[in-house]
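Reading through the structure tokens given below for one structure.
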Amino acid sequence: MSDVRVRFAPSPTGLLHIGGARTALFNWLYARHVGGKFVLRVEDTDQSRNTQEAVDVIFRGMRWLGLDWDEGPDGKGGTQGERGPYFQSQRGSIYAKHLEKLQATGKTYEDGGALKFKMPKTPCVVKDMVCGDVTFDRTVEPDLVIRRKDGSPVFHFVNVVDDLEMGITHVIRGEDHLSNTQKHIALYEALGVTPPQYAHIPLILNQSGSKMSKRDDGAALGFYEDAGYLPAAVRNYLCLLGWSPGANEEVLDIHEIVKRFELKDLNRSNARFDAAKLFWINGEYWRAMADSEFAEFAKTYLAKHRPTAASLSESLRDGLLRVIREKIRTGKELAEWMDPYLTEDYSYSPEARKKQFSNPDAGKLLHGLEQGFAALDGDLTDAAAEMICKKVAEDAALPKPAKVIHLLRAAVSGHTVGPSLFPLLTVLGKKTVVARLGRTRSLFDSGKLGEAT
RNA sequence: GGCGCUGUCGUCUAGAGGCCUAGGACAGGUCCCUUUCAAGGACCAUACACGGGUUCGAAUCCCGUCAGCGCCA
């Protein structure tokens with residue numbers, strides 16, 4: 001246990017920004033590493049955007065990443081912790097109290113309806129746990145508006161008041177706030193309170209090298225949930241942006257990361273977001289998942305994105321998932337690869353039309369395959385399927401069965417790529433394979449599988 | 001414009017004066033494996049921003065320049 005208290009203070013904008021998620025993650029990692037408290041505070045002062053949905057997005061994202069908080073709204077309409085309320089919109093009287101206190105010091109003055117704070121004109125040294133001692137020469141620092149003409153207190157002020165009222169000991173936040181920190185320190189000092197420790201972490205940059213904004217592709221955490229990424233993989237990737245476990249390791253269990261995470265090991269330079277690397281890490285987690293875990297993931301993901309998958313028989317669905325899983329690495333791909341088997345009215349891709357059904361011999365081969373599978377005695381197995389392919393190839397005087405195999409794949413799935421073919425056929429079963437071959441053959445015979453359509 | 005931060009392969013990083021003819025990973029390339037696609041294996045290419053110091057010795061320390069980013073106005 002320790003008396004460290006850190007916080008994540010997002011505003012409900014309708015999405016949980018990937019940079020915000022990373023800030024939350026680093027606060028969480030530090031709290032868990034030292035055994036302190038992690039506080040969630042919602043900075044919902046912008047009434048126009050302050051909706052329940054927007055707040056829920058934050059809770060959902062945090063939970064998805066597994067970042068549990070010790071104090072804050074519990075996400076179910078209640079509160080946990082003694083230092084609330086944890087919504088800024090409910091803290092008006094607290095701000096008013098501190099505003100009065102600040103006014104009593106004589107360090108403020110009215111100016112055109114706004115209340116301004118007299119900034120000290122002396123140098124300020126921010127002792128940052130990541131950036132080191134950063135000196136600001138404030139001789140020309142303008143005074144700070146702390147209450148607008150409309151009476152609303154400004155961000156810097158409420159942020160400071162909240163942090164001191166909530167007993168925050170370490171402020172871990174994006175480096176974009178480093179230059180503002182001297183203002184915050186001035187406010188703490190004016191209120192007669194010792195400022196917290198600061199740790200400014202590097203920013204996450206987009207492809208073009210500027211601060212990732214919500215307009216950038218993949219800037220919302222929800223994007224990865226929708227795309228069927230695994231939260232542990234996203235979390236692992238985010239840890240690697242500005243922090244490194246040291247020697248040649250990257251894919252690490254979160255417990256191991258918690259154990260090793262130190263603020264002093266944080267990088268100082270901004271990091272570009274690399275979607276390809278995240279995709280790779282996701283693949284690592286995808287393959288490492290236990291079967292039961294995968295089954296649970298697939299069930300949940302398909303329920304949301306492919307509700308019709310529920311009508312497949314359990315054995316068919318499980319079989320398909322098994323043969324598909326090894327070829328792909330996200331839920332989105334899983335859903336797309338399931339598509340050809342969710343209906344008997346499946347479509348044929350342009351590649352399949354072009355590569356497989358533009359060949360005049362295809363009709364003959366399809367007939368042969370259909371007859372071969374129809375005539376099969378007993379269960380359809382990998383070996384039986386292979387034999388049929390070989391025989392059809394021989395009958396057509398083809399030197400190798402490859403051509404037949406490719407055509408067969410296109411015929412039963414409509415696509416030129418897919419799961420390993422023989423295991424797929426076995427999963428589908430003889431009846432379905434024969435029916436699909438019949439359908440394709442008949443469409444082909446009536447000239448409906450050409451390139452044009 | 002002022003102030004601040006940063007600057008190692010395309011990207012994320014290891015590196016805290018000699019272990020560095022700079023290591024790993026992703027991405028890229030070649031090959032192997034493979035009756036598609038993945039996965040896997042082997043190999044290749046690519047970096048200490050630049051210029052000055054300090055030192056026997058610098059990616060590592062200091063200064064300057066340049067560049068990028070951020071904050072404020």
Side-chain angles (χ1 to χ4, degrees), chain A residues 19 119 123-126 128 130-145 155-156 173-184 200-213 236-252 264-284 286-288 323-330 333-334 336-337 349 351-352 355-356 382 385-386 389-390 393 398-410 412-413 415-424:
Chain A
M119 280 297 292
C124 171
V125 178
V126 177
D128 194 276
V130 175
C131 303
D133 289 0
V134 181
T135 307
F136 293 87
D137 166 317
R138 297 185 292 188
T139 46
V140 294
E141 187 68 24
D143 290 342
L144 182 68
V145 173
F155 163 79
H156 300 296
R173 60 176 18 164
E175 193 209 85
D176 46 352
H177 281 111
L178 181 58
S179 327
N180 289 326
T181 304
Q182 44 95 7
K183 298 172 192 171
H184 301 170
H200 286 91
I201 63 180
L203 265 20
I204 296 182
L205 273 22
N206 60 24
Q207 290 303 317
S208 49
S210 49
K211 186 167 81 162
M212 179 89 98
S213 86
N236 194 153
Y237 175 68
L238 253 21
C239 288
L240 265 20
L241 251 27
W243 178 84
S244 162
N248 313 330
E249 295 169 283
E250 296 193 306
V251 180
L252 281 177
K264 70 172 175 57
D265 294 331
L266 287 175
N267 255 119
R268 298 234 238 151
S269 52
N270 296 162
R272 218 171 277 228
F273 190 85
D274 185 353
K277 183 131 186 180
L278 168 57
F279 187 62
W280 171 77
I281 288 193
N282 200 66
E284 295 293 299
W286 183 268
R287 281 184 291 284
V323 298
I324 289 174
R325 177 185 174 183
E326 59 187 88
K327 302 291 181 176
I328 53 151
R329 57 176 94 166
T330 65
E333 291 177 305
L334 178 68
E336 288 166 0
W337 282 49
S349 74
E351 295 75 34
K355 288 187 190 159
Q356 302 303 332
D382 290 13
E386 184 171 3
C389 288
K390 278 186 177 156
L398 291 168
K400 282 182 179 177
K403 202 173 173 181
V404 175
I405 288 167
H406 293 308
L407 179 66
L408 175 55
R409 176 193 303 288
V412 299
S413 73
H415 293 270
T416 54
V417 299
S420 295
L421 186 61
F422 300 145
L424 170 69

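In this text the structure is predicted, and so the values were computed from the model without any measurement.
Nucleotides B:A45 and B:G10, compared at atom P, are 15 Å apart to the nearest Å. A distance of about 30 Å separates the C1' atoms of B:A59 and B:C71, rounded to the whole Å. Rounded to a whole angstrom, the distance from the C1' atom of B:G7 to that of B:G51 is 15 Å. Rounded to whole Å, the separation between the P atoms of B:A38 and B:C26 comes to 16 Å. Nucleotides B:G64 and B:A47 are separated by 29 Å at their P atoms, to the nearest Å. Nucleotides B:A22 and B:U60 place their C1' atoms 12 Å apart, quoted to the nearest Å. Atom name C1', nucleotides B:A58 and B:C63: the rounded distance is 15 Å, in whole Å. Taking atom P in both B:U54 and B:C20, the straight-line distance is 27 Å, to the nearest Å.
Atom NE2 of A:His184 is separated from atom P of B:C71 by 13 Å (rounded to the nearest Å). Regarding A:Asn248, its CG atom lies at a distance of 11 Å from the P atom of B:A14, rounded to whole Å. Remark: P of B:A14 and CG of A:Asp265 are 9 Å apart, rounded to the nearest angstrom. Atom P of nucleotide B:C12 and atom CG of A:Asn282 are separated by 20 Å, given to the nearest angstrom. Computed from coordinates, the A:His200 NE2 to B:C69 C1' distance equals 15 Å when rounded to whole Å. If you take CG of A:Leu205 and C1' of B:C69, they are 7 Å apart, rounded to a whole angstrom. Rounded to whole Å, atom P of B:G40 lies 13 Å from atom CD of A:Glu326. Summarising the geometry, the separation between CD on A:Glu141 and C1' on B:C71 is reported as 10 Å, rounded to the nearest angstrom.
Heavy atoms of A:Gly209 sit under 4.0 angstrom from primed sugar atoms or phosphate atoms, though from no base atom. If you check every strand for non-hydrogen atoms under 4.0 Å, A:Lys355 touches nothing. Looking at heavy-atom distances under 4.0 Å, A:Ile405 makes contact with a base. A:Gly283 comes within 4.0 angstrom of nothing in the nucleic acid, heavy atoms only. Residue contacts shown for A:Arg287 are limited to sugar-phosphate atoms, with no base heavy atom under 4.0 Å away. Among the atoms of the strands shown, base atoms are found under 4.0 Å from some heavy atom of A:Pro419. Counting non-hydrogen atoms under 4.0 angstrom, A:Leu241 reaches the backbone sugars and phosphates but no base. Note on A:Leu203: only backbone sugar-phosphate atoms sit closer than 4.0 angstrom, heavy atoms only; bases stay farther off.
Taking the six-membered ring for Trp and the full ring otherwise, the centers of A:Tyr237 and A:Phe279 sit at least 6.0 Å from each other.
Listed pair A:Arg409 / B:C37 fails the phosphate criterion, with no side-chain N or O lying under 4.0 Å from OP1 or OP2. For the OP1/OP2 pair of B:G68 and a distance below 4.0 Å, the side-chain nitrogens and oxygens of A:Lys211 include no atom meeting the criterion.
Across all strands shown, B:U36 remains unpaired; no Watson-Crick or G-U wobble contact has both distances below 3.5 Å. Checking B:G7 for Watson-Crick or G-U wobble geometry (two distances, each under 3.5 Å) identifies B:C66 as its partner. With both pairing distances under 3.5 Å, B:G57 is matched to nothing as a Watson-Crick or G-U wobble pair. When both pairing distances are held under 3.5 Å, B:G1 makes a Watson-Crick or G-U pair with B:C72. Across all strands shown, B:C31 pairs with B:G41; the Watson-Crick or G-U wobble distances both stay below 3.5 Å. The base-pairing partner of B:C19, taking Watson-Crick or G-U wobble contacts with both distances under 3.5 Å, does not exist among the strands shown. For B:A14, there is no paired base (Watson-Crick or G-U wobble, both distances below 3.5 Å).
Classification of the A:His184-A:His156 ring pair by plane angle, with boundaries at 30° and 60°, yields tilted.
Comparing B:C26, B:U35, B:C5 against the side chain of A:Ala402 picks out B:U35 as the nearest. Taking only side-chain atoms of A:Asp274, from C-beta outward, the nucleotide of B:U35, B:G10, B:C72 with the closest atom is B:G10. When the nucleotides B:C3, B:C5, B:A25 are ranked by their closest atom to the side chain of A:Trp280, B:A25 comes out on top. Closest contact between the side chain of A:His406 and the listed nucleotides B:U13, B:U35, B:C5 involves B:U35. When distances run from any side-chain atom of A:Glu386 to the nucleotides B:C71, B:U35, B:G7, the shortest one goes to B:U35.
Two residues are said to be in side-chain contact when any heavy atoms from C-beta on lie closer than 4.5 Å; A:Glu333 and A:Trp286 fail this criterion. Counting only heavy atoms from C-beta outward, the side chains of A:Glu284 and A:Glu250 never approach each other to under 4.5 Å.
The base of B:G24 sits with one of its N or O atoms less than 3.5 Å from a complementary donor or acceptor on the side chain of A:Glu250.
When the nearest nucleotides of RNA chain B are assigned to A:Thr135 and A:Lys327 by heavy-atom distance, the more 5′-ward of the two goes with A:Thr135. Nearer to the 5' terminus of RNA chain B, by closest-nucleotide assignment, is the contact made by A:Asn267 (compared with the other of A:Arg329 and A:Asn267).
Put simply, the side chain of A:Asp265 never gets that close to the backbone of A:Ser244: no donor and acceptor are under 3.5 Å apart. Checking side-chain atoms of A:Asn270 against main-chain N and O of A:Leu205 turns up no donor-acceptor pair under 3.5 Å. Looking at A:Arg329, its side chain never comes within 3.5 Å of a backbone N or O of A:Ile281 through a donor-acceptor pair. A side-chain donor-acceptor contact under 3.5 Å links A:Arg272 to the backbone of A:Gln207. No side-chain donor-acceptor contact under 3.5 Å links A:Ser210 to the backbone of A:Asn206.
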